[in-house]
Amino acid sequence: MIDRSPEFRVKKGLGVTMMLLLLLFAAIPTLWALLLSVRAPDSIFEPIWESPLALTLDNFFKITRSDFPSALMNSFITAGSSTLLAMLVGVPAGFALAKSRVSGKFVASWILLLLRMAPPVGFVIPLFLAYVNAGLIDTYTGLIFAYMTLTLPLIVWSMWNSFAQVPDELIEAAIMDGASLAKAFLLVALPAARPGAVAAAILGFLVAWNDFFYALIITRSGTTTAPVAVMNFISYDSVDWASIAVASIALTLPILPLMAIANRYIVQSLSGAVKG
Amino acid sequence: MGSIELTAVQKSFGDVEVIRPLNLDIEDGEFVVFVGPSGCGKSTLLRLIAGLEDTTAGSISIDGQDATDLPPGKRGLAMVFQSYALYPHMTVRKNIAFPMRMAKIPRQEQAKRIAAAADVLNLTDYLDRRPGQLSGGQRQRVAIGRAIVREPSAFLFDEPLSNLDAALRVGMRLEISELHKRLQTTMIYVTHDQVEAMTMADKIVVLNEGVIEQVGSPLELYRSPRNLFVASFIGSPMMNIIEGEMADSHQASAIGVRPEHLSLSTDSGLWQGKVGVAEHLGSDTFFHVQVEGLPKPLTVRAPGDVELQYQDTVFVTPEKTNLHRFDSSGLRID
Amino acid sequence: MKRLLATAVAATLAFGVPALTTAADEEINVVMFGMPYTNGLQKLAGDFEAETGIKANIDVIGQDVFENRITLSFTGATGDIDVVHTPVIQVQRWVAANWLKPITAEVDAMAVKSDIMAGPLDAYVINGEQWAVPYMAATGLMTYRKDILEEAGVDVPDTWEDMLSVAAKIHNDETAAIAMRAVPGQGFNMFIFPMVMRAYGGKFFEDYTGGDLTPAINSPETLEALNVYMKLLNEYGPQGAGNFNFAEVNAAAQNGQIAFALEGTGVVAQIVDPAKSKFADKTGIALPPAGPAGRSPAIAVHGLGIPASAKNPELSARFIEWAVSTETMTKIALSESFSNFTTGPVAQNPEVIEKYSKVHPDFLTMQADALNLAIGHYRPLLPDWPALGQAIGENINAALNGLVSPEEALEGAEQDMKDILGM
Amino acid sequence: MSSNSKQRAGATYELERGYRRMIVPAIIAVAIFAIVPLAGMLALSFSDYHLIRGSNGEFGLRNFIKLVNDKRLVNSIYVMSVLSLFGVAAQVIIGTAVAVGLHKIVGRWRLGRVLFLVPYAVPHVAVALIWLSLFTPTLSPINAFFDLFGITVPSFLTSQNGAMFAIIVADTWTNFPFTMLIILAALQGISPDLDEAAALDGASRVKTFIFITLPLLLPALLMVTLFRFIDSLKHFPMIFVMTKGGPGRSTQATNFYAYVQTFQNSNVAYGAAIAVLLFLMAALISFYVAKLNQRISS
């Protein structure tokens, strides 16, 4: 199968060129943001070749003095907690949907998809009013619960897929061995579906981390999250590009190691999901 | 202990009746094999006994106690699955210990039983490996080990050898038979392979389309199959079934004769035919003989050293005493 | 499993508790959107607490974010805001919706009242009641590149006609002639475009001051103005001018990519600030060009009001009094780039005068001139203005980018106005 | 099944009861956190609630009748369709190309996979701001770079198609990695034997890809396309930050239009009616996705 013909080399060269172009597409905005973050404010939009040395780390120090770090913390707390809660509720539900014989599974899958699609513009106002009455505005609790509408459908759906790949016989064996359903779930099914669980948790965390709309509506200064705080750099008469770039980097950095470590799991769990 | 009694057990999935109402007694210590073609309901029947499926009607009792609605974990049965269903993230030791852990058996006792089981099953060297690092036969033994340590009142085997290659299968067959001899515990064994059934069973249950066609010892089934289905299912190669005039002459709608009960001669006999394909097994040779007036060739066993050429004319004679007669509904006429 | 769940829920609820109990007695929450004054005020919160013992949580958020939050806070009457940033352009709408508390008596009792410029203060009087206190009045000014005009041998254009001819002379690939806000929005293109429109005699309504609110934007005067605005941006504007907002105008001016910018004083202050722009020393300031109907600089007044749902109106009033006091304003004028204060005596402070003369010698006087020329209802003060401004802005922007003809745009704008007003 | 057997607690009763108990918390959570606001949205859509004028307490179909004659709604649906169709197509094509490239050309290049994942990790607001600056000719380094060679990159944000293109580019940039991940996963699930078999049969690599690999990827491609399509209906931050719906109203996708009606025009009830319409569309699409999923997985 080793092909060394000139024709093959040309094709391979074309392929590599295409990949490099795609990498360029993926990298340019990232590099641009990195560049913006270290340029001095008075030359921020000058072409880099005109003042290559006008670099500074001030933008990074400046942002540590703003509200952004605490917003970043809020993002961690809310995205993390809602992912945790949604995992606690959603993983058993995904397991049960994959393995039980309850009726209405089709409807369940429909509802899960629908919740992912539902336009938030429509129901933020009712949600907001409900939160006002419940005293949940600008609380972690309120935001965590709101994020569960994002994370829970995703986690149930992907865990449903992951558990569907765990052979039924494995659960039955555990049951025959005298395990209760809870033990069969915790000791047998869950470890077998671990890649799927890791992937679901990360994807869940990402959607909550990425949210803009819910945080915009139901938080105030106390619990506002980083994506909303980024908007604070756009003020009445100026846009603080450098801070926005730094903030974007700060928002991306925590996700990147997660991605790097876990993309194997994500691929593993998704590959099952799409093989069906 | 380990007697199981099924009374009028029936199972439907939606509108499809998978098991028609049936009765079955399994004595303590028996080795019972459920055999039948795929889709006959044998696995479903096993799962009903295990409690993994609800019965639609009827009752199941284990050791004289009603167990119809007892959850699987409380029936005192152990099951070995077709795919072995080993827990992939646990070592062999932990796999075997799992049922004992669930039963809260003291650790010392667990270790003792694991050692004993590993010894019997030649697994001692593999106790700290994971299932993924074992061969098919070793995995099979781990699955059996996991069943043994529970000391169940009966073992349920669901086509346990179907994932092994032919040579291993014969070996494992013997091991399981030996295990049964040693433990003297009831075993229910599901297979579609009648050879397995014949070689292992004390009692064979032949199932077809959710109905028990016949229950009996291997020799009973071999000697007096109750109907055409059993007749043709049990025995290898298959019994020759002859319909039409030749059957009429025996006052039956069909007659059956096994290949080993036909004698072959080059000069005289009851039926004349031509030699077709020959299968040489060494000890025996099976000839396919196309008898005039029959739609299908007959399979005839001959001693290993018979030399016949393709298209030679031969004569075939059935042994009168081993002729099976069936009526128009397929039932045996004695 | 169950225990784990219960613990998680308890932990989550515990997070909520501190935030639920923030409303202490001597504490107020102030919400404002980001601009120099509010940033400066935020830094002075400690002073207020030291003076009065009241803790002020001053929250400065993005403008886009602000509007959604305020709207919903008021709708839900959450009572979580004690003092709110009140743009004059919103006050009518908020009053109509009963979201604000009338504060006539409170303002009358303030010693600082007589020092506050009368125009901006009156802008917050509706139905005979005072609804907010102004702290700044931004206006519109023009910046120009002295070097470019000199080189071309032309004078600073005084009228839009002049501007058209000057632009034609100086426009080139390197430096475009002019940039103005173009993205649709009542605070974006509808902050700038009316400067052209009113100079040509265009108006929003038949007779706003006389009370006849029949939409009249589809007039020959407005059409002429729109054509000028379009010609300037499309023929003499930088590439992509049709999607510029203040940030892009600001960046283009600071990078020397344009000769003229017509902007609010907040942006103008940055364009002429040597600390921020390399071209500051070559940049001059002028009043926006005039037209057949005179000159009409933009005006945007911002103030502080008290939401109807506020729990401690007395504390809120004390905060406002402190925030617009000459001392506080002076401090902010010195610490931030904040020149458009509305408390008169600040302008007499020698340090303040010195500071802004350094930024640009003409800056303060120009600003004062522009403010004198500006009419209070530059953008109509109506409850429906945000919706009207959005709709008109969308039509103007559509014409600018060639989606519709100018005639169609104005017709569309007028129809939209009628729809919104239910006519 | 007799009524008697229905009441009987069978052998699997305990198990199934256990399963149901595992689902119940999720149902409760969904009901509280999703169904309640959805019901509120529905109620609002029939009301006459206006942020400024309040409500006269009238309920009726008025908003929906108005919807039928609303030209801006038609425009918004057009914009949404263009953004979704072209955006999803671009994401699927680029994502697949990258996945195939990583799989076939560069082999097990782990760092490459991570590099291509970066855009997925950037929050949408930041994505929109970064691309806004890249699409603004006076700010963009791309324009500056081409200016060096005397080439003028056109400005995109001042025409409807250009602005939609810009939004699609930003959306594609941040979302193609999702497609890439799923296709990569599917590719790894395809046995290399098939490629070799095809090569032995004399098929070229391109033909192998088209006739062997692509059909095997089809279920994955279909799923990812539909999933991305579902999400793309919620377009908001890109428009909100990059164009504010402009030029004119030409990039007001339906979701953004609902936002404009609700917040800018204070017409909460009408905004809710638009949201209900979107929701019904979502329900229809998700029904087919669920059906498809059922087919693929069985």
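- Between D/T12 atom OG1 and A/E172 atom CD the span is 10.5 Å, to the nearest 0.5 Å.
- Per-residue heavy-atom pair counts under 4.5 Å with chain A were compared for D/F256, D/F229, D/W173, and the maximum is reached by D/W173.
- Interface check for chain A: of the options D/P237, D/A26, D/A283, D/A126, the most heavy-atom pairs under 4.5 Å are formed by D/A283.
- The line from CG of A/L113 to CG of D/L292 is 10.5 Å long, rounded to the nearest 0.5 Å.
- Both the backbone and the side chain of A/F25 come within contact range of chain D, judged by heavy atoms closer than 4.5 Å.
- Remark: side-chain polar atoms of D/W131 are not paired, donor with acceptor, to backbone N or O of A/P29 under 3.5 angstrom.
- For chain A, the option among D/L44, D/V127, D/L117, D/L278 with the highest count of heavy-atom pairs below 4.5 Å is D/L117.
- Applying the salt bridge (charged side-chain N to carboxylate O under 4.0 Å, His left out) rule to D/D231 yields the partners A/R116, D/R228; only residues at least two apart in sequence or on another chain are considered.
- For chain D, the nearby part of A/L152 is the side chain; its heavy atoms alone come within less than 4.5 Å.
- Only the side chain of A/L206 comes within contact range of chain D, with at least one heavy atom under 4.5 Å from a heavy atom of that chain.
- No part of A/K105 comes within reach of chain D, as not one of its non-hydrogen atoms sits under 4.5 angstrom from that chain.
- Under the side chain to side chain donor-acceptor pair (under 3.5 Å) criterion, D/S45 pairs with no residue, sequence neighbours left out.
- Ranked by heavy-atom pairs under 4.5 Å with chain A, the list D/I28, D/L222, D/I130, D/V268 is led by D/I130.
- The contact between A/I217 and chain D is made entirely by side chain atoms (from C-beta outward), counting heavy-atom distances below 4.5 Å.
- Aromatic ring centroids of A/F106 and D/F287 lie under 6.0 Å apart.
- Contact tally against chain A (heavy-atom pairs below 4.5 Å) for D/V36, D/I274, D/T254, D/L148: the top residue is D/L148.
- With chain D as the partner, the residue from A/A33, A/A93, A/A86, A/A245 showing the most heavy-atom pairs under 4.5 Å is A/A93.
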### Task
For side chain to side chain contact (heavy atoms under 4.5 Å, CB included), just list the numbers for A/F212 and D/H124, CA-CA rounded to whole Å, side-chain angles, deciding distance to a tenth of an Å, and then say yes or no.
CA-CA 8 Å; A/F212 173 69; D/H124 289 175; over 6 Å; no
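- For A/I171, the part lying near chain D is the side chain, with the backbone staying farther off; criterion is any non-hydrogen pair under 4.5 Å.
- For a residue to count as touching a neighbouring chain, one of its non-hydrogen atoms must lie under 4.5 Å from one of that chain's; by this rule A/I244 touches chain D with the side chain only.
- With a 4.5 angstrom heavy-atom cutoff, A/L253 does not touch chain D via any of its atoms.
- A/V102 touches chain D through backbone and side chain together, each having a heavy atom under 4.5 Å away.
- In this structure, a donor-acceptor pair under 3.5 Å is present between the side chains of D/S133 and A/W32.
- Annotation: the span from D/R21 atom CZ to A/L181 atom CG amounts to 10.5 Å, rounded to 0.5 Å.
- In this structure, chain D has no heavy atom under 4.5 Å from any part of A/L112.
- Using a 30° and 60° split on the angle between ring planes, D/Y259 and A/F213 fall in the perpendicular class, above 60°.
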